[in-house]
Q: 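The structure under discussion is supplied below as C-alpha cells; questions concerning it will follow.
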Amino acid sequence: MLEIKFVRQNLLEVKESLSKRGEIPDLDLFIDCDVNRRQILVEIEDLRHRRNVVSDDIAKMKKENKDADTLVSEMREVSNKIKVMEKDLTGIEEYINQILMRLPNIPHVSVPEGKDSSANPIIKKVGDLPIFNFEPKAHWTIGEDLKILDFERASNIAGARFPLYFGDGAKLERALINFMLDIHTKEHGYKEVLPPFIVNRKTMTNTGQLPKFEKDLFKLEGWDFFLIPTAEVPVTNIHQDETIDEEMLPILYTAYTPCFRSEAGSYGKDTRGLIRQHQFNKVELVRFTKPENSYEELEKLLLDAETILKRLDLPYQVISLCTGDLGFSAAKTYDIEVWMPSQGTYREISSCSNFESFQARRANIRLKRKGKKGTELLHTLNGSGLAVGRTFAAILENYQKEDGSVIIPEALKPYMGGISVIKR
RNA sequence: GGAGAGAUGGCCGAGUAGGCUGAAGGCGCUCGCCUGCUAAGCGAGUGUAGGGUCAAAAGCUCUACCCUGGGUUCAAAUCCCAGUCUCUCCGCCA
C-alpha cells in the first residue's frame, strides 16, 4: 500500500509511474474523496472537542448540585450529530481504502521501462549449456520412464496440475529441500522457520495477495482461510504489528513450504510436467531490512538464490523485470531463469523482490532507531531459493543420459544416500 | 465438544458503585549529574496514528486508540450485547 499523504502530495508522479505499469487508476476522484474526508474529519473533531469540554462542565455542575439539564440536552443533540457524520466518514474512508489497497507499488528508478516480459533485460548469464549428442527429452518423459513421476495417477487422486513422486524421485525432491535449507541456514545466515500453510484474510492482505487477487488463491470452503501461494505470506507476517529495534536488522528467514495456486487464467500453458502445478514445493528467503539498505540486500538475496544453481551446476540467466511485468507489491524484481534443454529456453525458477515499505505499511511492521524519537516502516524483501519442483525438472533435463538415466549432481549426492544416478 | 479465567503503553502490572486516567507503580530506553572501572545512585524525559496551523520542518493545538465491532449515556478502559484470540481443567484425536 502506498501512503495516502504521499499520493496526495505527489499525484503527478504517482500517476506517471503507475501508468508505466500499464495501470490507469482514477486518482482524481480519489483526491476529491480525500479532500471531502478531511473536511468532515475537521467538523467531527470540532464537535467532539466541544462535547469533551462540556461534559467536564456537566460533571463539575453536578458535583456542586447545579442544574445541568440545558447542557445535557444540548450535548445529546451534538452526540447525535456526531454519530450521523461518523457514518458518512466511515463510508468515504472505506471507499478511499478500497482504492488504496488496489494500487500497486511504485517501481524503483532502476527498473527498466517496458510493456511486458519481452522488454525484460538480461542482467547476466551463468554456466555453460549442456551439449547432447541425442535429442534431450522433456522432464515429464524422463520422470515417467524412470517411474519417479506419475501424472496420470496424480490426476486420479486430485486432478490436473498435481504432482506424484515415487521412490528416488520423492527422495530427490526431499534432498533438494534439505540441500537448499542447509545452505541458506549454514552459509547465508538465515534462520529456518516452518510456518502455517493456511492463513487468514488479514495476513493475505498484508502481503498484497488480497483484495485484488483472490481468484488466484485456494480458499477453504466455509472458512475465511486460504492456502498459502508462497511462504512469503506467512513468513513476512511473522512480525505483523511489531516494532523492531534497528540493531535486530536485518532479519533473515528461510522456510520450506508447499505452495498452492489456482493458476486461474493459465489454461493451456505448461499443461505437462512440473512447471505449473496447483501444488508445489518451494524454499523461500525473506529479509527485513532498514530502508537505506534494502537495495544492497536485494543484491545479496539474489546471490543467495543463485548459489543453489551454481552448486547444482545448472546454467541460468538473471533478468530484471520491466515496469510492465512487475508484480503488484514489488518495487523491483529480479527473476532467475534456469536452462531447460527440452524447451531450448530459460524458465523462471526464482523471483527476488524488494517491496520497500509497501508490505510493511499494510502489515504494520516498524523499525525503531536508537536514540531517535518515533518509529518508521522497515523494508521487506523475499525471493525463492528455489522453486523445488522446477529445480527437480531442470536436473532431470540437464543431467539426463541417452539411456534415460539421470546423473545426481555432485553437491546433492550426500543428500541422496550415496546413489549417483537414477536409472530404471 | 463441555466448564472456567483472561486480553491495558516496548515489557511487567494497577485501575469497574461511569466523570481532569493517555492511563498509577515498576522495568527498559534517552539525556544530564555523580562515580578509579563495572555495578549502584540522583534528576529530567520517554506511545502510536490522523487532522489543523506552517512554504516546509520545528513548535503549538485538536481528535482517536486500554482485543475487535455494536449498544447504553451529556460522558465508557470501566456498564450491556456479539465476536476474535490466549490460558487452565475435562472429553476426543494424530
Side-chain angles (χ1 to χ4, degrees), chain A residues 1-13 30-101 194-206 220 222-226 234 237-249 251 288 357 360-378:
Chain A
M1 188 166 68
L2 303 175
E3 188 185 8
I4 189 163
K5 218 187 273 178
F6 178 83
V7 178
R8 189 192 303 148
Q9 288 167 355
N10 305 278
L11 190 60
L12 284 179
E13 290 91 324
F30 172 80
I31 293 295
D32 287 347
C33 286
D34 182 48
V35 170
N36 193 221
R37 174 191 138 245
R38 271 152 47 223
Q39 280 171 352
I40 296 177
L41 193 59
V42 169
E43 285 181 56
I44 288 181
E45 289 189 347
D46 269 359
L47 288 177
R48 286 207 275 232
H49 177 56
R50 204 154 139 248
R51 183 178 66 184
N52 288 346
V53 171
V54 175
S55 288
D56 272 0
D57 292 345
I58 292 173
K60 277 178 205 144
M61 291 173 79
K62 291 220 162 168
K63 222 175 240 172
E64 296 163 16
N65 279 320
K66 287 192 199 158
D67 175 46
D69 286 357
T70 331
L71 286 178
V72 167
S73 63
E74 193 190 329
M75 282 310 105
R76 189 172 301 152
E77 267 173 54
V78 169
S79 274
N80 286 336
K81 206 167 165 189
I82 291 175
K83 223 169 256 179
V84 171
M85 295 184 75
E86 277 175 342
K87 247 182 204 144
D88 291 347
L89 185 67
T90 322
I92 292 175
E93 279 179 340
E94 268 169 17
Y95 181 76
I96 288 175
N97 204 37
Q98 206 187 331
I99 293 180
L100 219 47
M101 291 300 273
L194 186 59
F197 304 157
I198 293 174
V199 300
N200 59 34
R201 180 171 292 274
K202 179 173 184 290
T203 290
M204 208 57 107
T205 305
N206 284 348
L220 300 201
W223 298 76
D224 211 17
F225 285 145
F226 300 84
N237 274 287
I238 288 173
H239 294 299
Q240 65 180 93
D241 295 314
E242 285 185 29
T243 301
I244 295 166
D245 289 335
E246 71 171 324
E247 57 264 34
M248 301 294 291
L249 297 175
I251 295 174
F288 298 83
S357 60
R361 183 169 297 108
R362 289 171 168 240
N364 189 29
I365 311 173
R366 308 190 145 265
L367 145 70
K368 172 87 179 79
R369 298 206 195 248
K370 218 177 154 98
K372 241 190 152 182
K373 240 177 127 175
T375 60
E376 58 194 286
L377 295 166
L378 49 69

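Note that these values count all heavy atoms, side chains included, but never hydrogens, waters or copies made by symmetry.
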Q: Rounded at 0.5 Å granularity, tell me how far NZ in A:Lys87 sits from CD1 in A:Ile92.
A: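 CD1 of A:Ile92 is found 14.5 Å from NZ of A:Lys87.
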
Q: Listed by chain and number, what are the side-chain hydrogen bond (donor to acceptor under 3.5 Å, both in side chains) partners of A:Arg366, not counting sequence neighbours?
A: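 If we apply the side-chain hydrogen bond (donor to acceptor under 3.5 Å, both in side chains) test to A:Arg366, skipping adjacent residues, the hits are A:Asn364, A:Thr375.
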
Q: Pick the nucleotide of RNA chain B nearest each of A:Ile4 and A:Asp46; which residue has the one closer to the 5' end?
A: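 It is A:Ile4, whose closest nucleotide lies nearer the 5' terminus.
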
Q: What residues form a salt bridge (charged side-chain N to carboxylate O under 4.0 Å, His left out) with A:Asp241, not counting sequence neighbours?
A: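 Here the qualifying residues are A:Lys202.
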
Q: Between B:G51 and A:Arg48, is there an OP1 or OP2 to side-chain N/O distance shorter than 4.0 Å?
A: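 Negative; the distance criterion is not met.
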
Q: Listed by chain and number, what are the side chain to side chain contact (heavy atoms under 4.5 Å, CB included) partners of A:Arg201, not counting sequence neighbours?
A: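 Partners of A:Arg201 under the side chain to side chain contact (heavy atoms under 4.5 Å, CB included) test: A:Thr205, A:Leu210, A:Glu214, A:Lys219, A:Asp224, A:Phe226.
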
Q: With a 3.5 Å limit on both atom pairs, tell me what B:A17 is paired to, counting Watson-Crick and G-U wobble, or say none.
A: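 Partner of B:A17: none.
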
Q: Hunt down the Watson-Crick or G-U wobble partner of B:A3, both distances under 3.5 Å, from any strand shown, or write none.
A: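 B:U88 - that is the nucleotide pairing with B:A3, both distances being under 3.5 Å.
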
Q: Without decimals, in angstroms, what is the distance between A:Met75 CE and B:G19 C1'?
A: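 Spelled out: CE on A:Met75 to C1' on B:G19 is 15 Å.
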
Q: For B:G10, give its Watson-Crick or G-U wobble partner with both distances under 3.5 Å, or none.
A: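 Base partner found: B:C27.
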
Q: What is the distance, rounded to the nearest whole Å, between atom CG of A:Asp241 and atom P of B:G9?
A: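 Rounding to the nearest Å, CG of A:Asp241 and P of B:G9 are 12 Å apart.
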
Q: Quick one: list whatever passes salt bridge (charged side-chain N to carboxylate O under 4.0 Å, His left out) with A:Lys66, sequence neighbours left out.
A: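 Checked A:Lys66 against salt bridge (charged side-chain N to carboxylate O under 4.0 Å, His left out); matches are A:Glu64.
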
Q: With the sugar-phosphate defined as primed atoms, P, OP1 and OP2, and the base as all remaining atoms, what B/S/- string results for nucleotides 65-73 of chain B, 5' to 3', for protein heavy atoms under 4.0 Å?
A: -------S-

Q: P atom, B:U8 versus B:A14: distance in rounded Å?
A: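 About 11 Å, rounded to a whole number of Å.
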
Q: What is the separation between atom CD on A:Glu74 and atom P on B:A75, rounded to the nearest whole Å?
A: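 After rounding, the gap between these two atoms is 13 Å.
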
Q: Which distance, rounded to the nearest 0.5 Å, do you find between the CD1 of A:Ile251 and the CD1 of A:Ile238?
A: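 Output value for this atom pair is 9.0 Å.
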
Q: According to the Watson-Crick and G-U wobble definitions, with both distances under 3.5 Å, which nucleotide is paired to B:A40?
A: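 Looking at the geometry, B:A40 pairs with no nucleotide.
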
Q: When rounded to the nearest 0.5 angstrom, what distance separates CZ in A:Arg362 from CG in A:Leu100?
A: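 Rounded to the nearest 0.5 Å, the CZ-CG separation comes to 8.5 Å.
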
Q: If you pin A:Ser73 and A:Leu41 to their nearest nucleotides in RNA chain B, which one's is more 5'?
A: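 First, find each residue's nearest nucleotide; the 5'-ward one identifies A:Leu41.
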
Q: Between B:A23 and B:C65, how many Å separate the two C1' atoms, rounded to a whole number?
A: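 Pairwise C1' distance, B:A23 against B:C65, rounds to 12 Å.
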
Q: I'd like the P distance from B:C20 over to B:U63, given in whole Å.
A: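 Those two atoms are separated by 14 Å.
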
Q: Taking only residues two or more places apart in sequence, or in another chain, which ones meet A:Glu43 in a side chain to side chain contact (heavy atoms under 4.5 Å, CB included)?
A: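 In terms of side chain to side chain contact (heavy atoms under 4.5 Å, CB included), with neighbours along the sequence ignored, A:Glu43 is linked to A:Met85.
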
Q: Report the distance from atom CD of A:Glu242 to atom P of B:U48, rounded to the nearest whole Å.
A: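 It is 17 Å, rounded to the nearest whole Å.
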
Q: Rounded to the nearest 0.5 Å, what separates atom CE in A:Met75 from atom OG1 in A:Thr70?
A: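 Here the rounded value is 11.0 Å.
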
Q: Output all residues satisfying side chain to side chain contact (heavy atoms under 4.5 Å, CB included) with A:Leu89, sequence neighbours left out; order by chain, then residue number.
A: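 Side chain to side chain contact (heavy atoms under 4.5 Å, CB included) list for A:Leu89, sorted by chain: A:Arg37, A:Ile40, A:Leu41, A:Ile44, A:Glu93.
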
Q: For a quick check, with a 4.0 angstrom heavy-atom cut-off, what is the B/S/- contact string for nucleotides 52-59 of chain B, read 5' to 3'?
A: S-------

Q: Rounding to a whole Å, what distance do you find between A:Glu77:CD and B:A75:C1'?
A: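 A:Glu77 atom CD is separated from B:A75 atom C1' by 17 Å.
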
Q: Please tell me if the side chains of A:Ile198 and A:Leu220 come closer than 4.5 Å, counting only heavy atoms from C-beta onward.
A: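 The answer is yes; the side chains approach within 4.5 Å.
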
Q: A:Arg37 side chain N/O closer than 4.0 Å to the phosphate oxygens (OP1, OP2) of B:G50?
A: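 It does not, given that no N or O in the side chain of A:Arg37 lies less than 4.0 Å from OP1 or OP2 of B:G50.
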
Q: My understanding is that only residues two or more places apart in sequence, or in another chain, count here; which of them pass side chain to side chain contact (heavy atoms under 4.5 Å, CB included) with A:Glu376?
A: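 Residues passing side chain to side chain contact (heavy atoms under 4.5 Å, CB included) with A:Glu376: A:Pro291, A:Leu367, A:Arg369.
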
Q: Report all side-chain donor-acceptor pairs from residues 49-59 of chain A shorter than 3.5 Å, counting only partners two or more places apart or in another chain.
A:
from	atom 1	to	atom 2	distance (Å)
A:Arg50	NH2	A:Glu74	OE2	2.2
A:Arg51	NH1	A:Ser79	OG	3.3
A:Asn52	ND2	A:Arg48	O	3.4
A:Ser55	OG	A:Arg51	O	2.8

Q: Let's test this: given Watson-Crick or G-U wobble pairing with both distances under 3.5 Å, identify the partner of B:C34.
A: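 Pairing partner: none.
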
Q: For A:Arg361 and B:A49, what is the distance between atoms CZ and P respectively, to the nearest whole Å?
A: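 Distance check: A:Arg361 CZ to B:A49 P gives 12 Å.
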
Q: Can you check the distance between B:G25 and B:U21, where both ends of the measurement are the P atom (answer in whole Å)?
A: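 These two P atoms come out 12 Å apart once rounded.
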
Q: Can you sort out which residues in residues 49-61 of chain A have a heavy atom within less than 4.0 Å of RNA chain B? Ascending by number, please.
A: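 Heavy-atom contacts with RNA chain B come from A:His49, A:Arg51, A:Asn52, A:Ser55, A:Ile58, A:Ala59.
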
Q: Which base sits across from B:A82 as a Watson-Crick or G-U pair, both distances under 3.5 Å?
A: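 Across any shown strand, B:A82 pairs with B:U68.
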
Q: Separation of A:Glu64 atom CD from B:G19 atom C1', in whole Å?
A: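 So the two atoms are 14 Å apart, to the nearest Å.
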
Q: For the side chain of A:Ser79, starting at C-beta, report the closest nucleotide among B:U48, B:A75, B:G50.
A: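 Closest nucleotide to the A:Ser79 side chain: B:A75.
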
Q: In whole angstrom, give me the gap between the P atoms of B:A94 and B:C80.
A: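 Nearest-Å result for B:A94 against B:C80 at atom P: 42 Å.
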
Q: Rounded off to whole Å, could you give me the CG-to-C1' distance for the A:Asn97 and B:A49 pair?
A: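 Spelled out: CG on A:Asn97 to C1' on B:A49 is 14 Å.
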
Q: Side-chain polar contacts of residues 2-10 of chain A - donor-acceptor pairs under 3.5 angstrom, sequence neighbours left out - could you list them?
A:
from	atom 1	to	atom 2	distance (Å)
A:Arg8	NE	A:Asp34	OD2	2.6
A:Arg8	NH2	A:Asp34	OD2	3.4
A:Asn10	ND2	A:Phe6	O	2.9

Q: What is the base-pairing partner of B:C60, counting Watson-Crick and G-U wobble geometry with both distances under 3.5 Å?
A: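 When the pairing criteria are applied, B:G52 turns out to be the nucleotide that pairs with B:C60.
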
Q: Determine the interatomic distance between P on B:U30 and the same-named atom on B:A39; round to the nearest Å.
A: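 Here B:U30 and B:A39 have their P atoms 12 Å from each other.
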
Q: Roughly how many Å apart are B:C66 and B:G22, using the C1' atom of each and rounding to a whole number?
A: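 Going atom to atom, C1' in each nucleotide, I get 9 Å.
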
Q: Taking atom C1' in both B:G18 and B:U72, what distance in whole Å separates the two?
A: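 Each nucleotide's C1' atom is 11 Å from the other's.
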
